[in-house]
Amino acid sequence: MIHVCGSDGQRVGEFEEADFRDRIFRGQLQPDTHYWHEGMADWKPVSQYRALAKTQRISFAPPMRSTVKMDMDGSTEFKPEPATQSMVGRLLNRIRRVTGSTRKK
């Protein structure tokens with residue numbers, strides 16, 4: 001819980017951190033309003049929290065991607081999609097031209 005009081009010392013309320021942050025960035029808490037939470041040595045102005053929030057790296061989970069079942073024992077032969085086959089063939093031809101290799105496997 002984050003405790004918040006106005007510059008005049010009047011209690012504004014207690015907020016969860018996400019709600020506190022939202023109120024700051026919506027402009028509902030003035031820069032000279034002070035906040036405190038357990039573990040802090042003293043009250044600090046909201047303006048310092050806002051400055052800290054701008055310099056911290058905000059991270060979040062990447063979007064979920066679909067998964068593909070893979071046969072790890074090698075019993076199933078790999079069969080690329082037709083589009084992949086043509087791309088692989090073009091890539092191999094280009095490599096052969098660049099390296100001067102005329103041998104096909």
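In what follows, residues are counted from 1 in the order of the sequence shown.
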For this session: Please step through side chain to side chain contact (heavy atoms under 4.5 Å, CB included) for the pair Leu92 and Arg96, ending with a clear verdict.
Result: CA-CA 6 Å; Leu92 288 174; Arg96 286 186 191 112; 3.9 Å; yes
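- Under a 3.5 Å cut-off, the side chain of His37 and the backbone N or O of Tyr35 do not form any donor-acceptor pair.
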For this session: Show the numbers, then the answer: is there a side chain to side chain contact (heavy atoms under 4.5 Å, CB included) between Glu14 and Val4?
Result: CA-CA 6 Å; Glu14 295 178 359; Val4 180; over 6 Å; no
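- Taking all atoms of both residues into account, the shortest heavy-atom contact from Gln30 to Val46 is O-CB, 3.6 Å.
- Of the residues Glu38, Met40, Arg21, Glu17, the one that meets the side chain to side chain contact (heavy atoms under 4.5 Å, CB included) test with Ile2 is Glu17.
- Listed here is the closest heavy atom pair of Val12 and Gly6: CG2-N, 3.5 Å.
- Trp43 and Met1 are not part of a single hydrophobic cluster, where members link through side-chain heavy atoms under 4.5 Å apart.
- For His3, the ring-ring contact (aromatic ring centres under 6.0 Å, His included) partners two or more places apart in sequence, or in a different chain, are Trp36.
- Interatomic distance, His34 NE2 to Ser7 OG, rounded to the nearest 0.5 Å: 8.0 Å.
- Residues Lys44 and Tyr49 have side chains not in contact (no heavy-atom distance under 4.5 Å, counting atoms from C-beta outward).
- Summarising the geometry of Pro45 relative to Pro31, their closest heavy-atom pair is CB-O, 3.6 Å, with the distance given to 0.1 Å.
- Of the possible donor and acceptor atoms, none in the side chain of Thr33 sits under 3.5 Å from a partner among the backbone N and O of Leu29.
- Summarising the local packing, CZ of Arg94 is surrounded by 12 or fewer heavy atoms from other residues, nucleotides or ligands at distances under 6.0 Å.
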